**Student:** 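Submitted below is the structure of interest, expressed as structure tokens.
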Amino acid sequence: MPPRGSAERDPAIATNHPIADEVKFTTCYMCACRCGIKVHLKDGGIRYIEGNRNHPVNHGVLCAKGSAGIMQHTSPARLRKPLLRVGERGRGEFREIEWEEALGTAVDWLGAIRARDPKQLAFFTGRDQSQALTGWWAQQFGTLNYAAHGGFCSVNMAAAGLYTIGGSFWEFGEPDWERTKYFLLFGVAEDHDSNPIKIGLGKLKTRGAKVVSINPIRTGYSAIADEWIGIRPGTDGLLVLSLIHELLRAGKIDADFLARYTNAPWLVIDDEGAADHGLFARGSDGQPLIWDRKRHGLISASDPDALPALSEGRALPDGRRAAPAFELTARRCLDPRYAPDAVAPETGVAAATIKRLAAELAHVAFEEAIVLDQPWTDCHGRHHARMIGRPIAMHAMRGISAHSNGFHTCRALHLLQMLLGAVDTPGSFRYEPPFPRPIPPAGKPARPVQANSPLSGPPLGFPLGPEDLLVDNAGKPLRIDKAFSWEAPLAAHGLLHLVITNACRGDPYPIDTLFLYMANMSWNSAMNTAGTMAMLTERDPATGEYRIPRIIYSDAYYSEMVAYADLVLPDTTYLERYDCISLMDRPISNADSAADAIRQPVVKPDRDVRPFQDVLIDLGARLKLPGFVTRDGSPKYPGLYADYIVNHERKPGFGPLAGWRGTDGGQDGIGAVNPRQLERYIENECFWRGEIPPEGRYYKFANRAYLEWSQAMGFRDHVEPVVLQLYSELLQKFRLAAQGHGPLQPPAEHRERIARYFDPLPLWYPPFESESDGYPLHAITQRPMAMYHSWGSQNAWLRQIHGENLLHIHRERAAELGISDGDWVTVTSPHGRITVPAKLMDGVNRDTVWTWNAIGKRRGAWNLAPGAHETTRGFLLNHLISELLPAREGGYRYANADPVTGQAAWYDLRVKIEKAPASADQSEPAFAALGAPPLPARPSVLRYGAKYRPPRTGA
Ligand code: SF4
């Protein structure tokens with residue numbers, strides 16, 4: 001046999017015959033990672049999808065989901081024409097209409113709202129990737145009731161990071177995969193960073209770096225970790241504070257890092273009862289004061305020659321006392337409450353393990369430090385000959401975030417990073433451009449103005465204090481989801497999970513139209529699923545009208561939500577349209593470079609569907625929204641989204657795409673509109689990448705080269721250091737208001753809550769649902785590698801990997817309850833009850849049960865065959881979760897959410913389980929089958945690619 005690679009191969013073995021007659025590059029959308037792909041086309045059809053080896057996100061890696069994009073594109077669940085409801089809402093009875101009628105209807109409804117009261121439109125999107133456009137559209141419409149899905153996903157992680165270090169994980173930063181020696185992975189994280197983490201973990205394992213996974217469940221990345229810590233859900237913050245306790249006790253902290261780059265030395269006023277208690281002492285120039293150890297006096301924190309003290313209280317010029325923020329931090333964390341022996345029973349992690357982990361962190365950080373011979377200059381002009389790194393990196397997302405104590409847990413994690421000096425140093429967590437942002441990022445949530453007018457700014461933003469809340473004179477929320485009210489002051493991503501409940505109750509007011517995009521709110525995106533379906537069809541007895549009078553929905557597939565819409569605007573698949581993965585939105589940069597990308601249509605739709613972004617721009621022009629029309633009232637972007645991507649400018653020279661700007665395409669970041677920009681992207685395999693200069697790649701929060709580069713790219717207005725925040729004065733401002741200071745104070749019912757949870761230092765408190773007696777087990781979900789929420793479980797190939805989900809129970813716990821492998825069990829929470837199949841395992845916390853997320857489907861939806869396993873054995877935990885907490889004194893029910901950000905507390909769920917009656921043989925509850933609009937006939941066997949099979953030659 002000729003050697004491998006030899007030109008003399010047996011020609012009968014066709015190892016590399018052409019499979020396609022054309023290859024087009026674009027960007028995957030089978031999950032949120034946005035990998036580069038090459039789509040091989042034959043005879044105009046999709047033959048094969050391959051990873052793009054040159055792409056900065058995936059370097060050629062393609063996961064099972066990415067390959068299965070073919071079946072997503074050919075799914076029989078694809079909608080094929082606009083739909084208008086003809087039967088009762090929720091039955092799935094529609095008539096197909098033409099686009100002119102659909103758009104005319106939407107314009108009639110929306111135009112009337114805008115002329116009357118724009119906030120009567122609630123416009124919320126799910127996991128779409130065009131929030132820079134959708135948020136801007138809402139702003140031009142004039143409704144403050146806009147958000148995407150972040151409020152029920154991971155806003156705790158994002159907000160805690162942005163309010164603490166000016167960045168966070170995933171789209172904000174990444175581990176230094178090339179240099180990290182010790183990697184701590186917290187909770188469920190694979191759903192947010194799939195291929196990049198897999199590639200990174202491969203590098204760590206190859207180099208022999210230690211990977212520690214802290215997760216109640218040992219699947220996915222936890223399964224390949226060197227050490228798995230099966231922690232009790234909701235106690236990660238306790239563990240992190242205990243690690244900090246041990247590091248402080250041993251004096252193993254990076255004092256130089258803290259003194260130079262954080263607010264650790266800033267003096268905090270100690271004057272209990274005063275209106276400025278807990279705020280920073282400031283000089284006449286408004287700058288925070290520190291104590292200088294060289295000059296033995298108070299000086300400005302911005303003095304480049306400072307030698308700051310981190311401990312000891314000092315007298316201020318007015319005679320009052322003040323202590324450095326670090327001293328307050330140390331006092332908090334050295335409290336015996338956070339000692340390993342004290343936290344071990346609650347976390348389920350042995351005290352000896354906590355002490356060993358802390359010792360390992362200290363050893364790697366300080367005995368195995370990395371020194372790079374890379375000179376750099378900081379913002380103050382100080383020259384540094386080397387870069388010193390603490391090679392410990394961390395990553396976390398929804399697992400620690402989706403709890404009612406998630407914000408403080410995430411802040412505690414960032415505190416641990418800061419104390420170790422492991423923020424953007426060699427070997428540690430590294431920011432990705434455009435991060436770090438100022439703390440917090442610029443932009444406050446806009447207030448409503450008047451009818452027929454745009455908002456003064458984006459609907460979402462970052463409050464700096466009570467004065468930025470969206471509340472009326474009585475302190476009542478102005479937004480339908482109560483974001484930026486006293487109930488969720490730092491709700492940077494809104495509260496999608498509260499919109500339907502609040503609108504139905506008219507609390508704080510009723511709305512006219514709910515406009516949703518890619519948000520499966522009647523099923524796997526809802527807490528209280530049955531209640532949500534009921535609310536979507538509830539009528540006002542006085543008028544006979546639906547409580548939510550109109551629902552417009554856009555989706556590419558017949559998801560469960562479609563049946564609840566009055567008007568359906570069918571979207572294309574991701575392979576049939578332009579998209580923009582923008583630095584203004586959710587970037588795909590890495591730590592060494594900025595990057596953005598596009599999708600281009602690789603095939604034409606074979607149905608009467610339109611890209612949602614095209615439809616939104618068309619609606620904007622028809623409604624004459626400012627920014628969507630020219631002075632003479634004609635559409636500003638007649639070429640729709642592709643036109644907008646190239647020609648829209650958010651500020652002069654700064655638009656959705658950063659590459660090939662300027663009339664000749666010679667500029668990056670900022671530059672005039674380039675009419676050929678999309679062509680240049682397509683020539684470059686649909687992405688752009690701009691490298692950070694070598695001297696600017698670490699210490700980005702204070703690195704002059706990085707900050708100047710970042711300013712030149714249009715990512716920031718000023719070259720100023722970002723001072724990392726151990727102590728949050730901003731949180732203290734809210735607490736002071738709750739204690740009766742200042743002109744804006746919370747109503748009585750919110751005071752205690754604000755005073756407790758707006759602690760300027762990280763803290764831990766039990767998740768709210770742990771107050772439920774009689775429910776001894778935690779119940780959580782994980783997203784499987786091969787699925788992306790509800791999208792995957794209608795995909796013919798991915799269904800063969802996960803055709804059903806099971807409730808996983810620890811083997812010993814199951815034995816105590818008399819449950820065997822394969823039994824049906826009933827799972828009961830304070831809110832509901834489900835019947836599901838059980839599976840026993842060892843790799844799970846003993847007090848935790850779990851299942852894969854969003855596999856269960858409602859009968860009739862997604863054009864699945866009657867009796868499909870997803871409908872008979874698949875199930876959701878959502879049925880067990882309430883969107884509201886039990887009523888407090890006075891009857892008020894807070895959201896089942898974090899009190900700081902409003903993040904949905906999915907993972908707080910507590911349950912009890914028992915063996916189901918022997919007659920149980922299908923998952924419950926089983927809702928009535930949805931009727932279906934006209935959809936393609938579903939073949940009994942879905943086949944793909946047979947037509948491409950070469951004809952068989954003789955025997
Ligand atoms: S991780 Fe997989 S599904 Fe997600 S974008 Fe990349 S290839 Fe697509």
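As the structure is a prediction and not an experimental result, all values here were calculated from the model. Residue numbers count from 1 along this sequence.
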**Student:** Any sub-3.5 Å donor-acceptor pair from Ser75's side-chain atoms to Met71's backbone N or O?
**Tutor:**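 No, because the side chain of Ser75 does not come within donor-acceptor range (under 3.5 Å) of the backbone of Met71.
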**Student:** Could you give me the CA-CA distance, side-chain angles and deciding distance for Glu576 and Arg607, then say whether salt bridge (Lys or Arg N to Asp or Glu O under 4.0 Å) is met?
**Tutor:** CA-CA 11 Å; Glu576 297 167 318; Arg607 309 156 321 285; 3.0 Å; yes
**Student:** If the threshold is 4.0 Å, N to carboxylate O, is there a salt bridge linking Asp21 and Arg47?
**Tutor:**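 Salt bridge absent between Asp21 and Arg47.
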**Student:** Verify side-chain contact (heavy atoms from CB on, under 4.5 Å) between Tyr558 and Leu79, making sure each step is shown before the conclusion.
**Tutor:** CA-CA 6 Å; Tyr558 188 52; Leu79 299 169; 4.1 Å; yes
**Student:** Decide if atom NZ of Lys198 counts as having more than 12 heavy atoms of other residues, nucleotides or ligands within a radius under 6.0 Å.
**Tutor:**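 Above 12, so yes.
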**Student:** Just so I know, are the side chains of Thr529 and Ser522 near enough to count as touching, which here means a heavy-atom distance under 4.5 Å?
**Tutor:**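 A side-chain contact under 4.5 Å is absent here.
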**Student:** From the options His778, His810, His808, select the one residue that forms a ring-ring contact (aromatic ring centres under 6.0 Å, His included) with Trp850.
**Tutor:**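 So, applying the ring-ring contact (aromatic ring centres under 6.0 Å, His included) to Trp850 and each of His778, His810, His808, only His808 qualifies.
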**Student:** Distance-only, no hydrogens or angles: does the Ser401 side chain make a donor-acceptor pair with backbone N or O of Met157 under 3.5 Å?
**Tutor:**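 Between the backbone of Met157 and the side chain of Ser401 there is a qualifying donor-acceptor contact (under 3.5 Å).
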**Student:** What's the separation between atom CE in Met527 and atom CG in Leu880, rounded to the nearest 0.5 Å?
**Tutor:**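 Going from CE on Met527 over to CG on Leu880, the span is 12.0 Å.
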**Student:** Is the Phe152 ring parallel, tilted or perpendicular to the Trp906 ring (thresholds 30°, 60°)?
**Tutor:**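 Perpendicular: the ring planes of Phe152 and Trp906 meet at over 60°.
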**Student:** Using modelled atom types only, decide if a donor and an acceptor are shared between the side chain of Trp228 and the backbone of Asn215 within a distance under 3.5 Å.
**Tutor:**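 Side chain of Trp228 to backbone of Asn215, a donor-acceptor pair under 3.5 Å: yes, one is there.
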**Student:** Are the side chain of Asp823 and the backbone of Ser820 linked by a donor-acceptor contact shorter than 3.5 Å?
**Tutor:**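 Yes; at least one donor-acceptor contact below 3.5 Å.
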**Student:** Does the side chain of Cys580 reach to within under 4.5 Å of the side chain of Ser130, using non-hydrogen atoms?
**Tutor:**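 No - every pair of side-chain heavy atoms lies 4.5 Å or more apart.
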**Student:** Kindly indicate whether the side chain of Tyr557, heavy atoms from C-beta on, has any atom under 4.5 Å from the side chain of Gln72.
**Tutor:**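 Side chain of Tyr557 against side chain of Gln72, heavy atoms only: contact under 4.5 Å found.
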**Student:** Are the side chain of Asn795 and the backbone N or O of Leu798 linked by a donor-acceptor pair below 3.5 Å?
**Tutor:**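 Yes.
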**Student:** Using modelled atom types and a 3.5 Å cut-off, is there a donor and acceptor pairing between side-chain atoms of Thr826 and backbone atoms of Thr835?
**Tutor:**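 No.
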**Student:** Counting only N and O atoms by type, is there a donor-acceptor contact under 3.5 Å from the side chain of Asp571 to the main-chain atoms of Ser554?
**Tutor:**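 Side chain of Asp571 to backbone of Ser554, a donor-acceptor pair under 3.5 Å: no, none is there.
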**Student:** Strictly below 4.0 Å, N to O, side chains only: are Asp226 and Lys210 in salt-bridge contact?
**Tutor:**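 Answer for the salt bridge query: no.
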**Student:** Given side chains that start at C-beta, do those of Tyr553 and Leu569 come closer than 4.5 Å, heavy atoms only?
**Tutor:**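 The answer is no, as the side chains (C-beta and beyond) never meet within the 4.5 Å cut-off.
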**Student:** So do the side chains of Asn878 and Asn528 get within less than 4.5 Å of each other, counting heavy atoms only?
**Tutor:**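 No. Closest side-chain heavy atoms not under 4.5 Å.
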**Student:** Just so I know, are the side chains of Pro925 and Ile834 near enough to count as touching, which here means a heavy-atom distance under 4.5 Å?
**Tutor:**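 Yes, close enough: below the 4.5 Å cut-off.
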**Student:** Under a 3.5 Å distance rule, please check whether Thr848 uses its side chain to pair with a backbone N or O of Val844 as donor and acceptor.
**Tutor:**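 Not confirmed, Thr848 side chain does not pair with Val844 backbone.
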**Student:** Taking 4.0 angstrom as the limit, do Glu812 and Arg846 come out as a salt bridge?
**Tutor:**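 Yes, charged N to carboxylate O under 4.0 Å.
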**Student:** So, Arg910 and Asp908, do they make that salt bridge, N to O below 4.0 Å?
**Tutor:**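 A salt bridge is absent here (no side-chain N lies under 4.0 Å from a carboxylate O).
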**Student:** Ignoring hydrogens and geometry, is there a side-chain-to-backbone donor-acceptor pair from Glu870 to Lys857 under 3.5 Å?
**Tutor:**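 No: the side chain of Glu870 does not pair with the backbone of Lys857.
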**Student:** With Val911, which of Val849, Thr828, Leu807 fulfils side chain to side chain contact (heavy atoms under 4.5 Å, CB included)?
**Tutor:**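 With Val911 as partner, side chain to side chain contact (heavy atoms under 4.5 Å, CB included) holds for just one option, Val849.
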**Student:** Distance to the ring centre below 6.0 angstrom and angle to the axis at most 45 degrees; does that hold for Arg599 and Tyr29?
**Tutor:**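 Output yes; distance and angle both within limits.
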**Student:** Salt bridge (Lys or Arg N to Asp or Glu O under 4.0 Å), that's the test. Do Lys38 and Glu50 meet it? Break it down for me.
**Tutor:** CA-CA 5 Å; Lys38 292 165 75 173; Glu50 181 189 3; 3.8 Å; yes
**Student:** Working note: Phe927 + His879, criterion ring-ring contact (aromatic ring centres under 6.0 Å, His included); need CA distance, chi angles, decisive distance, verdict.
**Tutor:** CA-CA 11 Å; Phe927 297 92; His879 305 311; 5.5 Å; yes
**Student:** Do the side chains of Glu171 and Arg34 get close enough for a salt bridge, i.e. N-O under 4.0 angstrom?
**Tutor:**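 So Glu171 pairs with Arg34 through a salt bridge.
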**Student:** Under the 3.5 angstrom rule, does the side chain of Arg53 hit a backbone N or O of Val61 as a donor-acceptor pair?
**Tutor:**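 Such a contact is absent between Arg53 side chain and Val61 backbone.
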**Student:** Does a side-chain N-to-carboxylate-O contact under 4.0 Å join Glu804 and Arg873?
**Tutor:**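 Yes, Glu804 and Arg873 are salt-bridged.
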**Student:** Would you call Arg78-Asp606 a salt bridge at under 4.0 Å N-O?
**Tutor:**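 Yes, Arg78 and Asp606 are salt-bridged.
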**Student:** In this structure, which one of Phe169, Trp170, Trp177 forms a ring-ring contact (aromatic ring centres under 6.0 Å, His included) with His395?
**Tutor:**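 Going through Phe169, Trp170, Trp177 one by one, the ring-ring contact (aromatic ring centres under 6.0 Å, His included) with His395 is satisfied by Phe169 alone.
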**Student:** Please report the shortest heavy-atom distance between Cys153 and Ala402, naming the atom on each side.
**Tutor:**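 Reported closest heavy-atom pair: O-CB, 4.4 Å.
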